[in-house]
Engineer: 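For reference, the structure I am asking about is given below.
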Amino acid sequence: MVTITLPDGSTKEYENAVTPGQVAADIGPGLAKAALAAEVDGQIVGLDHVINDGIQAALKLFTKKDPEALGVMRHSAAHVMARAIMKIFPGVQLAFGPTIDGGFYYDFDLDHKLSDEDFEAIEAEMKKIIKANEPFERIETDREEALNIVNELGQEYKVEHIRDGLTEHQQLSFYRQGEFIDLCRGPHIPAVGAIGAYKLLSVAGAYWKGSSENRQLQRVYATAFFDKAGLEEHLTRIDEAKRRDHRTLGKQLGLFHIDDMVGQGLILWTPKGACVRQKLQEFIGAHLQRQGYDQVFTPHIGKLDLYKTSGHFPYYQESQYPALINRDYMKKVADEGCSCSDLSNSLAEGEIDGYLLKPMNCPHHIKIYDSQQRSYRDLPVRLAEFGTVYRWEQSGEIGGLTRVRGFTQDDAHLFITEDQLAEELEGCLELVKIVFASVGMEDYSVRVGLRDKDSDKYVGDQENWDKAEDACRRAAATLGKPFIEEEGEAAFYGPKIDFVVNDCIGRKWQLGTVQVDYNLPIRFNLSYIGADNQPHRPVMIHRAPFGSMERFIGVLIEHFAGAFPLWLAPEQARIVVVSQKFEEYGRQVEAQLKAAGMRVSGDYRAEKIGAKIRDAQLELIPYMLIVGGREMENGEVSVRDRIDGDLGAMPVTDALAKFQDEIENRLVRKTFSGSAGLVSRDAQNEY
RNA sequence: GCUGCUGUAGCUCAGUGGUAGAGCACUUCCUUGGUAAGGAAGAGGUCACGGGUUCAAGUCCCGUCAGCAGCUCCA
């Protein structure tokens, strides 16, 4: 006897084992036809899944209206794509082909280099397969039989996967679709005819099982929908997102420049971008003062010994710019006739004298802490610096502002007693929250980065790590927002709480970070004198609410689609004169606003007003102040908002008061409509 | 770092082995206007860089550098 409970609470009883497909047919022929997948007791299964006798199960049936069905269908589409590619390129070795956010991919090993030009043929082949509408057939086997099948198919990766990957599985399953058989746990839609619209998107290299030690395969990304409208909407959304790309907008709006001759991943901040950065720094500067930080400045380089002590040099040599070798040492090396490989070896061994471009600010700040004797009464010591650091990121990783080789952290290090840890962590997290809220960036996730217990890249002992990780977990819990814990995401000296956001193409970036560190104080033998007149070890917190100015502004550009709120806009208002006759009045208004501290310019070109407005609009300038004869007579300006359009004429002083209010309260627009599309977010300071 | 694609005017991009093109921007002139493009003329290129093949290379081949997508990495 099988008892099936349906979502509406009703139950159905069956004498023997039953499948979701049979239940669907039992409910009605319409549903039987429309059903694509099912959920049995929370697990998504195919319609052919057998619910065994003697079971009481909750069953949901999914049709193309349900997102669950979409995922199942996309996986089926991956099989169809693999089948099509195999047909066109015999001898293809199949690897993995999972569903991902927004679509699916399949990894192939084949000699022919796939390119966009092959897509059409592959899609045409897929069309034929889908039109034939053959059913998926699930085949269950034991391990031995499964190995026989994949060996017979000549699928080496599948053989390896069964041998090394699926060691726990005694029962394995295959799905057959026409002549195509693939090792797969499923589920699949009943037949491929339901795949309404699909498109191959890109092809890129991907390592077998994700390890760069392994052979690189060709990964074809694609997506599928039940209907054409869904696909088109998806493609439009991708296009819209790309229009917000900070690399494009940065160029268009003149925010920053990257020059081949300067170097990969090294940002040149042009005046407008520098203005945005400056305003952000001023903003956080005010909070630093409120929270009791002291500002410090430290140089861009430091002796190798400093970084040997901190651990940066030995642990992260690969991702640093090579050391700047002392002139005397170089001479000695030359005199002794050392070979290049000798030099390389002594570099690796850390035997040489020299300097390093600083990869992090903490060693310098530590030396400031350590420059005088500290009493428990001095603590917390909070040292802040917009410190520029340099890291030798892999060339393939560099791009735009989000991954660079030189960047400025809004860094600070707190030296505290253990008792102060919880409270100080909270203060740091508060600051990060303020930063995110001030720009209306609410779409972020919190990640607690823990050590990977199997790795040897961390310094310090277990006990302190446990304490630090625990402190991070507790602090993250106070955020009142769900957070994820990820092993292996910790810094080499301690665990951290990271704030992660997406960029316009869905890549995740760590922005703000708060890290707990018991280890560097030990490595540098830091101390303070306690109330007991004995030396004690301080604990350190590393924190950067923006993370890096470069990355933060890159993400910010995309968040605002280039249309910065008034307080951040490099040009806040533009005077647009109706004709050159009113230039004098225009310049007078311009001077008045500038005197009040606003960033304004005037457009006095011999152009028609429409053209001037269009140009200002495309530059995403928040306000245009139109002045002509009427305004001049009354000492007014006509205010044109970049979003709402003409707001009508008002006295210059009224307009100024409005702008100043908007600036002081750091108001953020709910909707930004520029040439760059729409962005909508909820935040307290919206209007 | 790896795989693939790309590199032509300030920007976006055409260009089929036969001597370099468009639109926008820029400069000058005309036009002086009322809320998203007024008109005309002009200037602007070592076709990323270095080799090679060829009578001839922006175009074909190799290398380097850089960009893009993904993978790997990310203190």
Engineer: Using the P atoms only, state how far G51(B) lies from G10(B), rounded to an integer number of Å.
Structural biologist: 23 Å
Engineer: Judged by modelled atom types alone, do N214(A) and K209(A) share a side-chain donor-acceptor pair under 3.5 Å?
Structural biologist: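 Note: N214(A) and K209(A) side chains miss the donor-acceptor criterion.
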Engineer: Should R219(A) and D107(A) count as an ion pair when the cut-off is N to O under 4.0 Å?
Structural biologist: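 Yes, this pair counts.
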Engineer: So what does I609(A) hit on the nucleic acid, given a heavy-atom distance under 4.0 Å: a base, only sugar-phosphate, or nothing?
Structural biologist: sugar-phosphate
Engineer: For nucleotides 62-71 of chain B, give me one character per nucleotide, 5' to 3': B if any protein heavy atom sits under 4.0 Å from the base, S if the only such contacts are to the sugar-phosphate, - if neither.
Structural biologist: ----SSSBBB
Engineer: Would Y307(A) and F313(A) count as a close aromatic pair, with their ring centres under 6.0 Å?
Structural biologist: no
Engineer: Centre-to-centre under 6.0 Å for F415(A) and H365(A), is that the case here?
Structural biologist: no
Engineer: Taking the P atom in each of G44(B) and A20(B), what is the distance between them to the nearest angstrom?
Structural biologist: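 Nearest-Å result for G44(B) against A20(B) at atom P: 14 Å.
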Engineer: Tell me which nucleotide, if any, is Watson-Crick or G-U wobble paired with U28(B) when both distances must be under 3.5 Å.
Structural biologist: A40(B)
Engineer: In B/S/- notation, 5' to 3', how is nucleotides 25-32 of chain B contacted by protein heavy atoms closer than 4.0 Å?
Structural biologist: ------BB
Engineer: Can a salt bridge be assigned to the pair K453(A) and E487(A) using a cut-off of 4.0 Å between side-chain N and carboxylate O?
Structural biologist: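 No, K453(A) and E487(A) are not salt-bridged.
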Engineer: Using a cut-off of 4.0 Å on non-hydrogen atoms, how would the nucleic acid contact of K608(A) be classed: base, sugar-phosphate, or nothing?
Structural biologist: base
Engineer: Is the closest basic N to carboxylate O distance between R605(A) and D615(A) below 4.0 Å?
Structural biologist: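 Judged by the 4.0 Å cut-off on N to carboxylate O distance, R605(A) and D615(A) do form a salt bridge.
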Engineer: Quick one: does E318(A) reach the base of G1(B) with a side-chain donor-acceptor pair under 3.5 Å?
Structural biologist: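 By the distance-only test, no, there is no pair.
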Engineer: Taking the six-membered ring for Trp and the full ring for Phe, Tyr or His, determine whether the centres of F104(A) and Y106(A) are under 6.0 Å apart.
Structural biologist: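 For F104(A) and Y106(A), the ring centres are not under 6.0 Å apart.
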Engineer: Both distances under 3.5 Å, Watson-Crick or G-U wobble: report the partner of C5(B), or none.
Structural biologist: G67(B)
Engineer: Enter the distance from Y518(A):OH to K467(A):NZ here, rounded to the nearest 0.5 Å.
Structural biologist: 4.5 Å
Engineer: Look at the side chain of K251(A) and decide which nucleotide, out of G34(B), U35(B), U12(B), has an atom nearest to it.
Structural biologist: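 Nucleotide nearest to K251(A)'s side chain: U12(B).
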